[in-house]
Asks: 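Next up is a structure, given as structure tokens.
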Amino acid sequence: MFSSNLPRLLWEGLAFILVAMVLLDPIMLYVATVYIIFLIFAIAIGQPRGIHVKRERTEFKATVGDVADVSTHLSVEKGVGIVTIADRLPPFFKLDGEDSDLDINSFGNFRVLWKGTGRLSEDIHYRVELTKRGLYEIGAPVYETIDVAAMKQASIGSDGQTMKITVSSKPVNVKSMRSAYLRSSVPMPLNTLTSIGPRTNDFLEIREYKKGDPYNRINWKATARLSSCRPNASPLLNEYEREGKKTVWIFLDNSAGMRLGTDLDNVFECGVRATSALSRFYLSRGCRVGLSFYRGGTLLPDTGRRQEYRIASALLNADAASQEKAAEKGEPSLSYTTAPGGDPGLARWHYPAETVKGTLRYTVDSNRWHLVGQNPLFMVITMVSMDNIKELLEGIKRLRIYSVANRSQVIVINILGYDLVARGAIEEASAKLINYSAMPAIKALRSTGAYIVPWDARRESNILKKITIAGVTQK
Amino acid sequence: MRDPQANEVRLTTFAVASELTFTVALFVLSFYIFSQNFVSGLMISLLGAILPAAGSLGILFVVLFLLVLLDFFYKTRRGRRPLGTEIGWVLFLPSIMGYALMDPLKILNLPFTLSQLQPQVPYMLVVFTAVLLASGDVYFSNTESIHALRARFAARGALRTDLEEAIRKNHVFVCYVVAATLLVALAGGAAATYLSGPLEGLAAIFPFQFVLLPILIVLITAIIIYMYLRSGLAAPAEPGLEKEIAKMKGGN
């Protein structure tokens, strides 16, 4: 299709022809000829075409903060004109060198190139800083071609492969602390008799099938017998004795309250980092690690590299609920209120009184059949406040009900979210006041026998070190 | 690494030099032909009341020339098209009318006729100026669209290095195309003048140059447009284009 430039010149040329024909003016005819000859040339010179784009890499795996090199080769076979090529970057990607006046001239995801009479062959490189964990995809490069005289509309197309980028959380280095004065250590789960560890061939019992159980352990004969008298009954499952491996069960709060902070740096991101570090630590010590999110999604306890990979994948896609989505799904949504005339820094998130789904209690209840008879180390990663203390207490109470009585270990990692987002002396002081106002909640939690580890993620990056120094095992 | 500032300077220098040369040449030639015209004599006699008769044409030239230069620098700095060609056309158009074979003023028995507008300069100079003015019009309409393109790409965050180089090369290529157009048109004009002698008898019987030639030009134009439209409709869709455009429109 033509652009608006062509009709203008065309009409001017035709107008001169018309006047020349009416007045029989030879010079007008020459003038009209110029317009028409130019148009013939402009249309005859084709737009750049025969475009081939090839990416050097189609997959890239990195951790948060890494820089990814994106290299593309562009070749244009025919035509003359301007060719642009652009990559549409996902959100949270930052062009490397964006803040620098010098580097920006050599890196960019949008390039404008000239295709002369010869073949154009150009290597395009740029670098992006990966600022947030997740699975991302850079689509096929989009190109645009414009002819020399811009007589035709720009042609837009895409060619080449997409590039998949996996950005995982930055791993926390786990180191043994060898200090003569340090008496505490990272807590380990207590031993249990038969409920944890890899399954042996020793038959234990037949029980009802629960969500998450492997299908190959279903006892089909027993199920058939049961179904003759109870047609709607769940299948029955063979349960075997286990070797005595220790289990750690992590509960990660991904309710809307964990979104406190920016998109890139918020309480939930800290929770993800803590979960990643703790799961890697316990898995490396041969423990079985399970993970459960408040808003649904459970990875049953298991050991080894495969479990590490599964947890990393689950964390990669995890996100805290937004207020709107939580409201849509009927989950507990939070209300942000300030006292009339009060300091906005002291505003608080409020849970409604009736909360069921998306709370610790709901999560524990959902997984009760996997907890019964076990004695794992429970780790609850959340932000404790007066607003969610009720549901936290209920959740911990449930944990004690479902695990072996009087022997359960519960560690609550309390991410100090207000400290994380506070900027400047006034905001930091406000954050301290808010933390102080949560002290009754902390005391109430301690009274249940849970260990509380306050974690200021901005100042103390290593959660394991924090747990160690907090002296959890000394309490 | 290519220096973006050097590229920008080169582009600006080339663009300003070529556009200024074109503007000055167009204005000087148009004014010269205008000065040899019946209309200019009429204007001088009218201006005689306020300006000295001897220097009034010179004063008019200087005033208009300064106006053209001021307009040129003002507009080009903002990426807009200068008024040089339009002023040239205003000065030159009466002279073209003087060569019209069909004179409506004469038919209406008015005291003036179009033939009185013929300037006292060689015929080929008038043809050259006309062709140059038309080329200038085409050239400036292109440079305007190039400037707009440059601004659009800069706003989208294109690298300055690439952008300045691509735009400069496009500018140069447009100059080549305009020059080729000018040469072809002048060659056509010269050939027509050379052939006017032998074909004079035929032209007296049937004015083929005003009937056949325009029809031929219109036909060629129509064929080109038709072929272009056909090629545009028949072009296969780029793979994944619709999806990508939908994504871009959706903003996701």
Side-chain angles (χ1 to χ4, degrees), chain A residues 1-3 5 8-10 12-14 16-18 20-45 80-84 86 88 104-108 110-114 116 139-140 142 146 148-150 152 155-159, chain B residues 1 4 96-97 99-102 104 114 126-127 130-131 133-135 137-138 141-142 145-146 149 153 156-163 165-166 169-170 173-174 177-178 180-182 184-185 188-189 192 207 209-211 213-214 217-218 220-221 224 228 232 238-241 244-245 247-248:
Chain A
M1 282 295 132
F2 299 128
S3 71
N5 291 344
R8 195 162 68 86
L9 290 179
L10 194 67
E12 281 184 35
L14 290 176
F16 274 113
I17 289 175
L18 192 70
M21 286 175 78
V22 170
L23 295 178
L24 301 179
D25 194 328
I27 297 178
M28 290 257 188
L29 206 57
Y30 290 134
V31 171
T33 314
V34 171
Y35 286 96
I36 302 305
I37 291 171
F38 182 81
L39 284 178
I40 291 170
F41 280 154
I43 293 171
I45 299 167
V80 179
I82 287 176
V83 181
T84 72
R88 193 181 172 78
I104 191 66
N105 296 318
S106 56
F107 293 103
F110 176 51
R111 300 283 301 270
V112 180
L113 303 163
W114 169 253
V142 179
I146 295 156
V148 173
K152 303 159 199 169
S155 163
I156 303 172
S158 68
D159 190 35
Chain B
M1 197 181 80
I96 302 184
M97 305 293 274
Y99 292 93
L101 299 179
M102 173 76 79
L114 286 180
V126 180
V127 171
V131 170
L133 267 171
S135 305
D137 195 18
V138 165
S141 74
N142 267 279
S145 63
I146 288 171
L149 203 64
F153 286 148
R156 282 171 63 186
L159 297 183
R160 274 169 55 201
T161 325
D162 291 338
L163 182 61
E165 193 174 331
K169 286 181 175 171
N170 194 358
F173 205 89
V174 166
V177 177
V178 171
T181 306
L182 191 67
V184 172
Q209 72 270 38
F210 300 112
V211 178
L213 205 59
I217 290 171
V218 170
I220 290 170
T221 312
I224 288 170
Y228 178 72
E238 298 288 350
L241 172 65
E244 196 63 36
I245 290 171
K247 264 187 187 177
M248 290 170 89

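Note on naming: letters A, B, ... go to the chains in the order of the sequence lines (proteins, then strands), and numbering restarts at 1 for each one. Fair warning: this is a prediction, and the values are worked out from it, not measured in the lab.
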Asks: Side chains of A:Tyr35 and B:Asp137: does their closest heavy-atom pair fall under 4.5 Å?
Replies: yes
Asks: Which heavy atom of B:Ala158 sits nearest a heavy atom of A:Val112, and at what distance?
Replies: CB-CG2, 3.5 Å
Asks: Given the rule in the side-chain contact (heavy atoms from CB on, under 4.5 Å) test, do B:Phe153 and A:Ile82 qualify, once you have shown the distances and angles that lead to the verdict?
Replies: CA-CA 11 Å; B:Phe153 286 148; A:Ile82 287 176; 4.0 Å; yes
Asks: Can you give me the closest heavy-atom contact between A:Phe41 and B:Val177, atom names plus distance?
Replies: CB-CG1, 3.8 Å
Asks: Which heavy atom in B:Ser145 sits nearest to a heavy atom in A:Ala150, and how many Å separate them?
Replies: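 Scanning both residues, the minimum pair turns out to be OG-CB, 4.2 Å.
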Asks: Please classify the contact of B:Asn142 with chain A as side chain, backbone, both or neither, using a heavy-atom distance under 4.5 Å.
Replies: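 Side chain only.
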Asks: For residues A:Met28 and B:Ile96, report the shortest heavy-atom separation together with the two atoms involved.
Replies: CG-CG2, 3.7 Å
Asks: Provide the closest heavy-atom pair for A:Ile27 versus B:Tyr99 in the form atom of the first, atom of the second, distance.
Replies: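 In this case the closest contact between A:Ile27 and B:Tyr99 is CD1-CD1, 3.3 Å.
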Asks: Take A:Phe110 and B:Leu159, measure what side-chain contact (heavy atoms from CB on, under 4.5 Å) needs, and give me the verdict at the end.
Replies: CA-CA 7 Å; A:Phe110 176 51; B:Leu159 297 183; over 6 Å; no
Asks: Are A:Trp114 and B:Glu165 packed together at the side-chain level, in the sense that at least one heavy-atom pair is separated by less than 4.5 angstrom?
Replies: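 A:Trp114 vs B:Glu165: side chains apart.
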Asks: What residue, out of A:Val80, A:Thr33, A:Ile45, A:Val83, has the most heavy-atom pairs lying under 4.5 Å from chain B?
Replies: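 Most pairs with chain B among the choices: A:Val80.
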Asks: Quick one, B:Leu182 and A:Val34 - any side-chain contact, counting heavy atoms below 4.5 Å?
Replies: no
Asks: Do B:Leu101 and A:Leu23 touch side chain to side chain, with heavy atoms closer than 4.5 Å?
Replies: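 No, every pair of side-chain atoms sits at 4.5 Å or beyond.
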Asks: Return the option, out of B:Pro104, B:Ala134, B:Ala180, B:Ala130, with the maximum number of heavy-atom pairs under 4.5 Å with chain A.
Replies: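 When all of B:Pro104, B:Ala134, B:Ala180, B:Ala130 are compared, B:Ala134 has the most.
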